[in-house]
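Please find one structure pasted underneath; my questions will follow.
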Amino acid sequence: MSEIGADLLLSMYEMTETIRRFEQQAIAQYRLGNIRGYFHPYLGEEAIAVGAMAAIEPDDYIVSTHRGHGHALAKGHEPRRMMAELFGKESGYCRGRGGSMHVASRSVRNLGANGIVGGGLAIAAGAALAIKQREGPEVVVAFCSDGSSANGIWHESMNLAAIWDLPVIFVLENNQYAVSTPIRDSARVEHLSQRAAGYGMPGVTVDGNDAAIVYGAMQEPLRRARAGEGPSLVECLTYRHGGHHVNDPGLYLPPEELQRWKAHDPLIVLRARLARAGVDEAAITLIDERVERLIDEAVEFATASPNPSVEDFLAEVATL
Amino acid sequence: MSEIGADLLLSMYEMTETIRRFEQQAIAQYRLGNIRGYFHPYLGEEAIAVGAMAAIEPDDYIVSTHRGHGHALAKGHEPRRMMAELFGKESGYCRGRGGSMHVASRSVRNLGANGIVGGGLAIAAGAALAIKQREGPEVVVAFCSDGSSANGIWHESMNLAAIWDLPVIFVLENNQYAVSTPIRDSARVEHLSQRAAGYGMPGVTVDGNDAAIVYGAMQEPLRRARAGEGPSLVECLTYRHGGHHVNDPGLYLPPEELQRWKAHDPLIVLRARLARAGVDEAAITLIDERVERLIDEAVEFATASPNPSVEDFLAEVATL
Amino acid sequence: MKYREALRAALQEEMERDATVFCVGEGIGERGGSYKVTEGLLAQFGPGRVIDTPLSEAGFVGLGAGAAIAGQRPVVEILFIDFLLQAMDQVVNQAAKYRFMSGGEGRVPLVVRTQGGTGNSLAGQHSQSLEALYYHVPGLKVVMPATPRDAKGLLKSAIRDDDPVIFIEHKLLYMTDGEVPAEDYLIPLGQADIKRSGSDVTLVAWSHMVVKSLQAAELLAAEGISTEVIDLRTLVPMDVDCVLDSVRRTGRLVIAQEAIKRGGVGSDVAAIVAERAFDHLRAPIVRVAGWNTTIPFNLGLEKASVPQVDDIVAGVRSVVQSGAAAGT
Amino acid sequence: MKYREALRAALQEEMERDATVFCVGEGIGERGGSYKVTEGLLAQFGPGRVIDTPLSEAGFVGLGAGAAIAGQRPVVEILFIDFLLQAMDQVVNQAAKYRFMSGGEGRVPLVVRTQGGTGNSLAGQHSQSLEALYYHVPGLKVVMPATPRDAKGLLKSAIRDDDPVIFIEHKLLYMTDGEVPAEDYLIPLGQADIKRSGSDVTLVAWSHMVVKSLQAAELLAAEGISTEVIDLRTLVPMDVDCVLDSVRRTGRLVIAQEAIKRGGVGSDVAAIVAERAFDHLRAPIVRVAGWNTTIPFNLGLEKASVPQVDDIVAGVRSVVQSGAAAGT
Ligand SMILES: Cc1ncc(C[n+]2csc(CCOP(=O)(O)OP(=O)(O)O)c2C)c(N)n1
Ligand SMILES: Cc1ncc(C[n+]2csc(CCOP(=O)(O)OP(=O)(O)O)c2C)c(N)n1
Ligand SMILES: [Mg+2]
Ligand SMILES: [Mg+2]
């Protein structure tokens, strides 16, 4: 990883901090009753979105998951319109109609979060097919979860992508639990990436809490995809910093396990890398302050934005 | 395979010949208009059903496929009631309501053929769960096809069976085509059995045209299943002797490929084994004659049987 | 007793009574399920009969069908009816058809417990009312209880039934309270329940709409309109006679349904009455139903997308008025 | 021109016109599809636009949705509508909802072509009429053409539509013949077609039932009953006005549908009329529809399980008689 310079580390740090603070502030707003419904925090998993997105181009596509705030922010969604969507406001990315589990935007080529686990995988393969048909240079990064690997659509999407050499990279965020069910109860294989062999595609398992490692792990899959050599599976090991959603205390997580992973927090890992790269604390503090303002402003924007109009909604619906 | 005695070879030969002649006669009846609908002949693949069924006990269960006549006969269905079902007669196993793709019978523990490719796989896992819950000694043999391996239900069923150590053996009949689509266009892996590793179960690929080899390949999976050690995947390579169904001329099958496999016909293979075992032609001729009578009698039975009564059907339906 | 406790009691009693009954679903063991219906069952019955699954909806619904065919009585929990769509092939092509296609020999005593409906800002993929999809499939029974008493009695009957039953709960009902008999009891599938008697108009509902319909009836009573509220309880088999009898008495029919109007079960109720009690009708049949939309996330829009008590009141009022004008 | 040739012509013309249109499905390339609709397209457009798939129905329907969202216009072929159940989650939770859930920004110009219905002794899993399932889902359009002319014009419109369209053919129609205009034409989604004018009774049908209904109307004419046959052509959006206008003229409504009666689209047509043209009705609304059964294999039973021409004739006769008694 020696080739990663201080600039890239800093920008990855800034995005990690952005996601972290966004989630924390949004959770606070949830507790105040300003956000409702399901909210699956990305806390502790930020390095995956940050590392993967640092490796791709703005024109590349992503599909996201039910735990998708981090992907969206790293792909370029504005925190204010993200926050507004979580508030259910008209100024949100989906005009308050989608919410946390359905954030999408053409502008940043996020094909969407999904309330169905694994629901974006075939869509990702389809977007990759579109790219291939248009002979475009883009790739699709398909974020998916350990839980999704038990679902038929995971299998079908991996296989279709493989047989047609589609430019898609499956980034599997293995946080080791599906709600309370440990992945070892759902799969009898050491690494889920081993399944890639069954589709004839490369698969690796890496430390998903180190953005620099994730960034590095994307390079060969990206080269392959852009060269028309087909898909890859990148399994990133990580861990949630708490329950499955904001109303789940997550008491089933073994405390030592949780502590071990918290000690290996994506922010801690990046700070250590920054220190080794000789970046001084002042630069970091500057970023922290900028991010703090950005997220505070996002909350203000969301708060001040109006709810969607019921009349407009009913008028739209009547014409559907 | 040296442990296979002449008796077993002879009984496997008799069943192979039974299936062969049943299919040929049924196809003749189809041409006469006495059988309608979809009819997927098992011609050329008989060694799989015969070898697998020779290895299991009468109380063991099977699930079958859309190409299921061979499984049914080998599991103990009577040719006459099988033929009657294909004729759509009340005396058939499903009282003419199911037909070729839905033959099932409690009496021989055939949980059913299926018109949905892969449709029986989860049912097989469920029956295996039932056995496990009752602490029964039985196993389930789940026949499936190369085409089914691309379907989500294949993945989910394999995985569920694996994580719960269910007593099921997946026997994959790889005849190398799904209708006209070669398996190499549907999977980028040399042997489909390699996928077993992704579920943490053993997988092997064997010659599916040699009943003795199939029989042998079942032994360790059966031991495992009965010992509570979980499922296995046995991939049997084979080839259709013609089109996908009786109305498909199968012109897309490369003639040399077809000829090569026809030269390796399950009957030819078994006859060679019988010769090596010192069984003389007379014993074989005796069997051939017996089988001929059996199948002729089946056709007579089916022909003479009445159609289901429309009134009875409508009365049943009204109470559903 | 709460609705979810009533469901739990039904499961517990049936599992005690019959060793072939077992539960399988996501997080139903230690965690007790998302709506806590199965809480405590793991401790009592062990992991062999209370089974946590991976996210393989098609797989474990099909597995339930297979276990049922092989003699067990599985109760499969699907967290949201929205996810049951992943298992549609297993439900419709396998479980529902098996008995018929096997010539009547095979039976599939499978219960799929799931829940649907709006109310918690869960957006488009976690709020659907999809009973109409299962209602249309021969070979399935469909049950949608509205009260704790019905939930318990019907779930026990569903478990004892030899055919596949889609048992649909509502996310807003789990915490509702109601009387549940102390003694062992069953409520047979196929019996509607007149939850309130009335003479001016028949109001047919099921599941959470029964709650709203009873509130509407109360408001209407204050206006002098006597509303008979029929809770269908089971959609398949449907107690058509109960509905027809009532309409023959009242001459007016309103159906309240949370699902979208187009192709909903309410259309069938209307069609049956228009076919078989036409001569008794004194007014158009009105369906008060969900708008033709994916359920929105925003709470205000979500509320606007499905019928509220006021909408039901307005619907009933309209037929009483128009009936008065046309009929008498 | 045959129905299947008309479909092929539509695909060919649209693929020539618009490079983003492509076809994907099982055996649609070299083999030309099970019903030979796509024959010749591979040779003309190459394997990049006529794509054979493995048996991954959920996967390639979802893939179609993804390609559509990313700007292509996929036409996915599903061999039998029965198999589309494997992709139900992709259709209902993904394709149908995407536009709404993205706040209107995302569009899914996806066509799923499939076929259903009885007629060839293909038994329970290859003979279903499942349009009602898709009819109930907001965000989908549903098209069911009965003639070669309609098939071509509607398929072209479906391909140009920006929303997901479930385009359902019938296995007994592929070989039927009919006039197809030589010049380029479109038939807009949402327009019913009066296939035969009449004054005594309105008979609503779609897909293959239109053929049977026209035969029934002919027989009825011989008895002096004048039957107006409306072919809905598209179920969503439905041309409700056309039906209401007709019923207001005739005062009687019969619906002929191959799908089972319970929860079928016909119930919705009946409910709409019972709600909006009640005062014009002179007789009960009759639905002539499939029995509540899995489709049997045996040909005699299969025939008995769905309406035949005689059943339609009897249904029409019954309302004309009862209407005469009640109304005039
Ligand atoms: C098909 C489907 N089944 C079940 C659910 C309910 N559900 C939402 S998140 C979740 C757990 C997912 O775990 P995992 O896939 O590992 O993702 P993680 O939450 O750990 O990021 C479940 C069961 C769902 N949304 N979709
Ligand atoms: C889910 C599903 N998709 C498609 C079909 C149509 N179909 C029937 S058999 C078949 C080919 C199956 O090939 P394979 O699975 O290899 O079995 P084989 O016919 O070679 O024995 C297809 C596509 C089906 N029955 N079920
Ligand atoms: Mg997880
Ligand atoms: Mg094959």
Side-chain angles (χ1 to χ4, degrees), chain A residues 61 63 85 90 92-99 101-107 109-116 118-136 138 140 142 151-161 163-164 166 168 308 313 316-317 319-320, chain D residues 19-22 24 45-74 76 86-110 137-141 163 190 236-237:
Chain A
Y61 294 89
V63 304
E85 187 57 34
E90 182 73 26
Y93 276 101
C94 309
R95 304 174 52 223
R97 280 129 175 98
M101 291 190 290
H102 304 292
V103 172
S105 174
R106 242 191 333 227
S107 60
R109 298 207 159 180
N110 174 6
L111 297 170
N114 219 301
I116 302 295
L121 290 164
I123 290 173
L129 177 64
I131 293 168
K132 189 175 168 175
Q133 289 177 324
R134 296 192 293 249
E135 298 178 23
E138 308 96 334
V140 182
N151 200 277
I153 199 68
W154 190 88
H155 173 74
E156 296 190 6
S157 304
M158 298 274 290
N159 191 49
L160 292 177
I163 61 172
W164 295 330
L166 299 182
V168 53
F313 163 70
E316 279 165 36
V317 160
T319 68
L320 280 184
Chain D
T20 68
V21 179
F22 72 96
V24 58
F45 299 102
R49 292 177 69 195
V50 182
I51 306 174
D52 275 355
T53 68
L55 285 93
S56 309
E57 276 78 2
F60 65 82
V61 169
L63 173 123
I69 293 168
Q72 304 292 95
R73 292 192 174 268
V76 174
Q86 292 203 338
M88 201 69 181
D89 173 56
Q90 298 295 320
V91 170
V92 177
N93 283 328
Q94 307 301 336
K97 297 192 178 9
Y98 193 80
R99 175 179 165 194
F100 180 85
M101 294 195 307
S102 67
E105 191 188 73
R107 299 306 289 264
V108 189
L110 166 71
V137 178
L140 298 179
K141 292 174 179 166
D163 290 316
V236 184

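Everything numeric in this text was worked out from a predicted model, so none of it was measured. As a basis for the values below, the full set of heavy atoms in this structure was taken, side chains included, without hydrogen atoms, waters or symmetry mates. Below, read A as the first sequence line, B as the second, and so on, with proteins coming before strands; counting in each chain starts at 1.
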- Query: When you look at N114(A) and Q94(D), which way does the side-chain contact (heavy atoms from CB on, under 4.5 Å) test go after all the steps?
  - Reply: CA-CA 9 Å; N114(A) 219 301; Q94(D) 307 301 336; 2.8 Å; yes
- Message: Looking only at heavy atoms and a cut-off of under 4.5 Å, which of R134(A), E85(A), R95(A) has the most pairs with chain D?
- Response: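 The answer is R134(A).
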- So which of Q90(D), K141(D), K97(D) has the largest heavy-atom pair count under 4.5 angstrom toward chain A?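 Maximum pair count with chain A is reached by Q90(D).
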- chain A interface, residue from I69(D), T53(D), V61(D) that has the most non-hydrogen pairs under 4.5 Å: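 Ranked by heavy-atom pairs under 4.5 Å with chain A, first place is T53(D).
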- Message: Could you measure the distance from the OG atom of S105(A) to the CD atom of E105(D)? Nearest 0.5 Å is fine.
- Response: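 Answer rounded to 0.5 Å: 5.0 Å.
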- Message: Using heavy-atom distances under 4.5 Å, tell me whether F60(D) contacts chain A through its side chain, its backbone, both, or neither.
- Response: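 Contact with chain A involves both backbone and side-chain atoms of F60(D).
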- Would you confirm whether Y98(D), through its side chain, and L111(A), through its main-chain N or O, come within 3.5 Å as a donor-acceptor pair?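 At least one qualifying donor-acceptor pair exists.
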- Just give me the residue among A58(D), P54(D), A87(D) that pairs up with chain A most often, heavy atom to heavy atom, under 4.5 Å.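 Among the listed options, the one with the most contacts to chain A is A58(D).
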- Go through G152(A), C94(A), A104(A), A128(A) and name the one with the most non-hydrogen pairs under 4.5 angstrom from chain D.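 That would be C94(A).
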- Contact leader toward chain D among V63(A), L160(A), L121(A), where contacts are heavy-atom pairs under 4.5 Å: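 Most pairs with chain D among the choices: L160(A).
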- Query: Using non-hydrogen atoms only, which part of I131(A) is less than 4.5 Å away from chain D: side chain, backbone, both, or neither?
  - Reply: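 Neither part; nothing is under 4.5 Å.
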- Proximal component of Q86(D), with respect to chain A [non-hydrogen, under 4.5 Å]: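 No part of it gets close to chain A.
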- When only pairs under 4.5 Å are counted, which of D163(D), T20(D), I51(D) shares the most heavy-atom pairs with chain A?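 The residue among D163(D), T20(D), I51(D) with the greatest pair count is I51(D).
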- E156(A) and G59(D): which non-hydrogen atoms are nearest, and at how many Å?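 Looking at all heavy atoms of both residues, the closest pair is OE1-N, 2.6 Å.
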